[in-house]
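Every number for a ligand or one of its atoms is a count from 1 in the order of the listing.
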Amino acid sequence: MRIYKVGGAVRDRLLGIPVTDIDWVVVGATTEEMLAKGFRPVGADFPVFLHPKSGEEYALARTERKSGRGYGGFTFHASPEVTLEEDLIRRDLTINAMAEDDQQNLTDPYHGQRDLEARLLRHVSPAFAEDPLRVLRVARFAARYAALGFTVAPQTLELMRQLSESGELEALTPERSWKEISRALMEDQPQVFIEVLRACGALKVLMPEVDALFGVPQPPAHHPEIDTGAHTLSVLQQAALHKQPLTVRWACLLHDLGKGLTPEEEWPRHIAHEFKGLKLIKAVNERFKTPRDCQELAMLVGEYHTHGHRALELKPSTLLELLQSFDVYRRPQRFEEFIAACEMDARGREGLEQRSYPQADYLRGAATAARSIAVQPLLEKGFKGPELGEAIKRERLKALKAYKEQV
Ligand code: ATP
Ligand code: MG
C-alpha cells in the first residue's frame with residue numbers, strides 16, 4: 001500500500017500557510033488490510049479510517065459516480081486497483097487535488113500548482129457539478145484566500161451558476177449547508193463568501209432574504225453607501241475585522257432583512273423594518289437548523305438594533321424593557337454580543353468605519369446599573385411573588401433614572 005498526504009495539507013504547505021489537519025489517501029489497500037494494521041473504521045458512508053495513534057483520517061482511494069439527487073445519491077467504488085489519479089479527479093478544486101508522498105514528491109495531474117500560482121479556484125473536472133455542496137465550498141475557499149488574491153475561475157463560476165439554477169442546491173441537508181456557512185462566516189473575509197454565492201445565483205436559492213437586499217436603497221444621510229446589500233456586506237466585514245464570534249456574525253448578516261420587504265414607494269425609508277424582518281430571520285434560521293445561540297441573537301439583534309443606536313435617547317423605562325428582553329441579569333454575555341452587533345452595524349457604513357460608538361459603553365453602564373439591584377433587601381422587607389417582581393422592576397427603573405442623569 002502507498003500512503004499520500006492530500007487536500008488542504010498539500011495546498012497550504014505550498015502556500016506557506018500553517019497546516020492544521022492532515023488528510024491521507026491510501027492506494028492499493030483493502031479494508032481488511034487497514035483493520036489488520038490497527039486503523040479504526042469511521043462512518044458507514046465511505047471507507048475512511050482513523051490512524052491508531054495520530055487519529056488522523058486515512059481514506060482508501062475511491063472513485064465516485066452520481067446516481068441520484070443530493071449527497072445521498074452517490075455510489076462510490078473503493079478497491080486496491082483505484083489509482084491516485086482516479087481518486088484525485090473526483091475532488092472539487094485543482095488546488096485541492098494534489099498529493100504528496102513522504103519524500104514531498106508532488107503528484108499534480110490536474111495542475112493545482114499552476115492554479116495556486118495563478119491564484120485561481122478552478123474545478124478539476126465536469127464531475128464538479130455532481131455535488132452541490134461544492135458551490136458553498138468554493139465560495140468558502142474564496143473567502144478564506146481572498147487576502148492572497150484568489151478568485152473563482154470564470155468557467156467554475158459558470159458551473160456553479162448551472163448548479164444553482166438546476167434546483168440541486170435545494171437537495172442539500174441543513175446540516176451540510178450550515179457547516180459550510182458557519183465556517184465561511186468565521187473566515188477573515190466572510191463578505192466574499194456572500195459575494196461569490198450572489199455572483200453565481202446561489203444566494204437567491206439559499207438565502208433569498210439576503211439576496212433581496214441588493215438594490216434596495218437607504219437614506220444617504222445615515223447610509224452613505226446607500227445600498228442595503230452593500231451595507232450588510234460591510235457590517236459582516238467589520239464583524240470579522242473585530243474578531244467577533246459566530247453568533248454576532250450571523251446576527252450581522254440577518255439584521256436588516258426587513259428592509260427587503262419595504263414597498264418601493266416608501267424607499268429609501270424603512271419604517272418598522274426591525275419588526276417586519278423577524279419572520280424572515282426566523283425562516284432562515286429554520287432552513288439551516290441554526291444553533292440556538294445563533295438563532296436567538298439574530299432575532300434579538302433584528303428586533304432591537306435601532307434601540308442600540310438610539311441608546312442615549314431612550315427613556316429609562318424603554319431602557320429597562322430592553323434589558324428585560326435580553327434577560328441581561330442571567331445572560332450578560334448575550335447582551336454583550338448584542339452591543340457588538342450594533343456597533344458593527346454602525347461601523348459598516350461607508351466612511352464611518354472609524355467613528356466611535358459611545359452607545360456601547362452607555363448600554364454596558366445601564367446593564368450594570370440594573371444588575372446592581374439586590375433582591376435580598378426586598379425579601380427582607382416582606383415582598384413575595386408578583387409583588388417582589390414589581391418591586392425589583394421599580395428599583396431597577398430608579399437605578400436607570402439615576403444612571404441616565406449621572407452620565
Ligand atoms: P480545510 O483546510 O478546510 O480542511 P481541505 O481542503 O482539507 O480544507 P476537507 O474538507 O478537509 O478540506 O477535505 C479534504 C479534501 O477532500 C479536499 O481538499 C478535497 O480534495 C476533498 N473534498 C472534500 N469535500 C469535497 C467535496 N464535497 N467534493 C469534492 N471534493 C471534496
Ligand atoms: Mg482538511
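- Counting heavy atoms under 4.0 Å from ligand 1, residue Arg11 touches it through the side chain alone.
- Residues Arg334 and Leu300 have side chains in contact (heavy-atom distance under 4.5 Å, counting atoms from C-beta outward).
- In this structure, the side chain of Thr290 engages the main chain of Asn285 through a donor-acceptor pair within 3.5 Å.
- At a cut-off of 2.8 Å, measuring from the Mg ion (ligand 2), the protein N, O or S atoms that fall short of it are Asp21 OD1, Asp23 OD2, waters left aside.
- Counting heavy atoms closer than 4.0 Å to ligand 1, residue Val6 contributes nothing at all.
- Residue Arg90 approaches ligand 1 through these ligand atoms, each under 4.0 Å from one of its heavy atoms: 29 (C).
- Scanning Leu133, Leu88, Asp131 for the heavy atom closest to atom 27 (N) of ligand 1 points to Asp131.
- His231 places a side-chain N or O within donor-acceptor distance of the main-chain N or O of Gly348, the cut-off being under 3.5 Å.
- Less than 4.0 angstrom separates some heavy atom of Asp21 from each of these atoms of ligand 1: 4 (O).
- Between Glu296 and Arg292, at least one side-chain N (NZ, or NE/NH1/NH2) sits under 4.0 Å from a carboxylate O, which counts as a salt bridge.
- When non-hydrogen atoms are compared, ligand 1 lies under 4.0 Å from the side chain of Phe141 (C-beta onward) but not from its backbone.
- Salt bridge Arg114/Glu117: absent, no basic N to carboxylate O contact under 4.0 Å.
- For ligand 1, the atoms sitting less than 4.0 Å from at least one non-hydrogen atom of Gly7 are 18 (O), numbered in the order shown with element in parentheses.
- Close approach of ligand 1 to Arg183 (heavy-atom distance below 4.0 Å) involves ligand atoms 1 (P), 3 (O).
- At least one N or O atom of Asp23 sits closer than 3.5 Å to an N or O atom of ligand 1.
- Between the choices Arg137, Arg91, Glu180, the shortest heavy-atom distance to atom 22 (N) of ligand 1 belongs to Arg137.
- With a 6.0 Å cutoff to the six-membered ring centre and a 45° limit on the axis angle, Arg331 does not count as a cation-pi contact of Phe338.
- For the pair Arg198 and Phe214, the distance from NZ or CZ to the six-membered ring centre is under 6.0 Å and the angle to the ring normal is within 45 degrees.
- Residue pairs meeting the ring pair (Phe, Tyr, Trp, His ring centres under 6.0 Å) criterion with at least one partner in residues 11-36, sequence neighbours excluded, are Trp24-Tyr58.
- At a heavy-atom distance under 4.0 Å, only side-chain atoms of Arg140, from C-beta outward, approach ligand 1.
- For Thr247 (side chain) and Asp293 (main-chain N/O), no donor-acceptor pair under 3.5 Å exists by modelled atom type.
- At a threshold of 4.0 Å, the pair Glu175-Lys289 counts as salt-bridged, since one of the basic side-chain nitrogens sits closer than that to a carboxylate oxygen.
- Heavy atoms of other residues, nucleotides or ligands lying less than 6.0 angstrom from NZ of Lys276 number more than 12.
- Within the 6.0 Å centre-distance limit, the rings of Tyr362 and Tyr403 are counted as a close aromatic pair.
- Within ligand 1, the atoms closer than 4.0 Å to a non-hydrogen atom of Gly8 are 5 (P), 6 (O), 7 (O), 18 (O), numbered from 1 in the order shown.
- Of all the atoms in ligand 1, the ones that sit under 4.0 Å from a non-hydrogen atom of Arg134 are 26 (C), 28 (N), 29 (C).
- Within the 4.0 Å heavy-atom criterion, the part of Arg144 lying near ligand 1 is the side chain and not the backbone.
- Counting only distance, with no hydrogens or angles, the side chain of Arg134 and the backbone of Phe128 share a donor-acceptor pair below 3.5 Å.
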